[in-house]
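Please read the structure below before turning to the comments.
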Amino acid sequence: MQAERARRQGREGEEHGHSTDRPQPSLPAVASLCIAGRAAPQCRPPFRSPMAIGLASTGSDTRNEVRHPQGAIQVPKITFVTAEGESIDVDGRPGETVMLAALVGMVPGIEAVCGGACSCGTCHVYVDPQWRDAVGEPRDLEAGMLEGVDNVTDASRLCCQIQIVDQLDGLVVRVPV
Amino acid sequence: MQDDVSTEFLTAQFSHTAEHQMEQPHALYTRLRNECPIGRSEQHGGFWFAMLYDDVAAIARNFRVFSNADGVAIPRHPTSPMYPLELDPPQHTELKSALTPLFHVTQAEAIAPEVEKEVDRVLQVMAASGQMDFVTLADYIPATFALRVIGIDEEDRPKLIEWVDFLSHGRVQPEKAQEVGMQFAGFLVELIARRRTEAPRDDVISALFETNVPGMGGLLTDDQILRTVMVLIFGGLHTTRSSILESLYYIARHPETREAVIHNLDNDKFWALAVDEFLRYSTPTQILKRQVTCPVKIRGTSLAAGDDIMICFGSANRDERRFPDPDRVVLDRSPNAHMSFGMGPHRCIGQNLARVFLRSTLKIVLKRMPDFKVPDDFVPHYQVGEARAMVSLPATFAPIAV
């Protein structure tokens, strides 16, 4: 199943025939990072800013290329369901965190202000019920931080503290409204 | 900056190591934001730069397309690679996660009373004459506490300040940089080897001996510890000094800001916002490098794999698209997602300590010498480079009775 998904996602990887066990970066021919704001004259038509605080979806048709830069490697897929109900699939890499996957996928609502230091609470997600055992409970530092976060439930985690492992392939997390 | 010079010329000439550009860079930044937000400089062998907040944020976050592994400085640091800054995930993630608990906000805040007391003591010692250069204080406080947290003994602190100063601003002289880099590394090699044989202490070096990072081969080697300690020293010393001086200078020149600060000295809610606004305004680390890992388009401009791009936090923090009235310190600015600590996975690990140092210093200076004056004819000069810091800030005030 993973291989099938990988085939769907990565033309480049297929061409280069990556089949190593360890994920090796195989980046797309052209990743496009056309960012909104006041566009430069040569810029393509502006998208809404993916990075704006209070992030809205970019509507960019090129986002997938940035979101799946790995090509055809078997990697855990993480699904983010945004506050607006949009599902965004991101290829995770074992050893990275779910927060990092969100940054690469430009997931709206995951600000991750502190960059993964477990000290800001802005990468709060709700882990889908069927994944809660696999993901586990927050540890001390994170539990303390969650006390200061709005709308916390039993499903709440700071996703900078969720390490991506192969067993989390298919993980679904929801971004708070 | 001269208005009659073409944007093409300014773009090609842009250099973070050029004093005439970086002493007062904001007019240049503003023009580049408006006319050439993604540009290519021909200096230092050629590099791209990004000036707009949204671009800098997107690049800083996307560590897969924009790598730190080739180093974050131009010219390169003689001691590169330093960890975890000049590593990419997943190695970066693993090492940084191990370090993070040592710098957590609760730990940083726990030393705040002691920092305030020390600022107070230093002012009493230095300020009996009614005049001082704030550089002395701005050097002393971060050096004392950041280096203590790391585990550097008091007698070694002055030479570290000197080395870090040179390596931050003097790398355009490659031979001298190499020499200073080797002195700095040599000192740390000896220190780490010695500390291995001694009883553990309550500091970062001792904690690093116990740090297990499977992705880097298990327990850290002396070399890995050396590269980690280096980045902590760089981050701890220089940048905090810069934000302290820039903030004090702004206060000296803006009576309404001074009044507001004095009025709120013990108001925690005030400081929670004000400290980050002073940080946004000062932006100690103006610019850092990323290396492009795959062909990428930004605003229609094509960058090739292997290209260097400098992301300009100094410009992003004054981007009027993000921060209304960006050149003014708005003490209760909110939201204030500034990038003085960077953004994304490499965001400053010492940010909580930095806030404590800046807040404690401002608080006690304004408490002890609320009337301090910087001479009217004083014009600040800066050391430039990736980091930008005022060289001197002379002040006079009513002598503090000891």
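Below, chain A is the first sequence line, B the second, and so on; all start at residue 1.
The side-chain tip of B:Arg318 points at the ring of B:Tyr281 from less than 6.0 angstrom away and within 45° of straight on. B:Phe323 does not carry B:Arg333 over the face of its six-membered ring by the limits of under 6.0 Å from the centre and within 45° of the normal.
Looking at A:Gln163, the atoms closer than 4.5 Å to chain B (heavy atoms on both sides) all sit in the side chain, from C-beta outward. The part of B:Ser97 that comes within reach of chain A is its side chain, from C-beta onward, which places non-hydrogen atoms under 4.5 angstrom from that chain. Heavy atoms of A:Met99 lying under 4.5 Å from chain B are absent altogether. Heavy atoms of B:Asn352 lying under 4.5 Å from chain A belong exclusively to its side chain.
Each of B:His92, B:His104, B:Gln91, B:Met343 has some count of heavy-atom pairs under 4.5 Å with chain A, and the biggest count is that of B:His104. Note: B:Thr100 leads B:Leu99, B:Thr100, B:Ile349 in heavy-atom pairs under 4.5 Å with chain A. By number of non-hydrogen pairs under 4.5 angstrom with chain B, the leading residue of A:Cys114, A:Ser119, A:Gly144 is A:Cys114. When each of B:Arg347, B:Met339, B:Glu94 is scored by its heavy-atom pairs under 4.5 Å with chain A, the top score falls to B:Arg347.
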**OP:** Evaluate salt bridge (charged side-chain N to carboxylate O under 4.0 Å, His left out) for B:Arg355 paired with B:Asp276, printing each intermediate quantity in order.
**Re:** CA-CA 8 Å; B:Arg355 287 197 183 91; B:Asp276 275 89; 2.9 Å; yes
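Each of B:Lys289, B:Arg290, B:Glu86 was scored for a side chain to side chain donor-acceptor pair (under 3.5 Å) with B:Asn68, with one residue passing: B:Arg290.
The two residues B:Arg280 and B:Asn336 have their closest heavy-atom pair at CD-OD1, 3.6 Å.
Within 6.0 Å of CZ on B:Arg40 lie more than 12 heavy atoms contributed by other residues, nucleotides or ligands.
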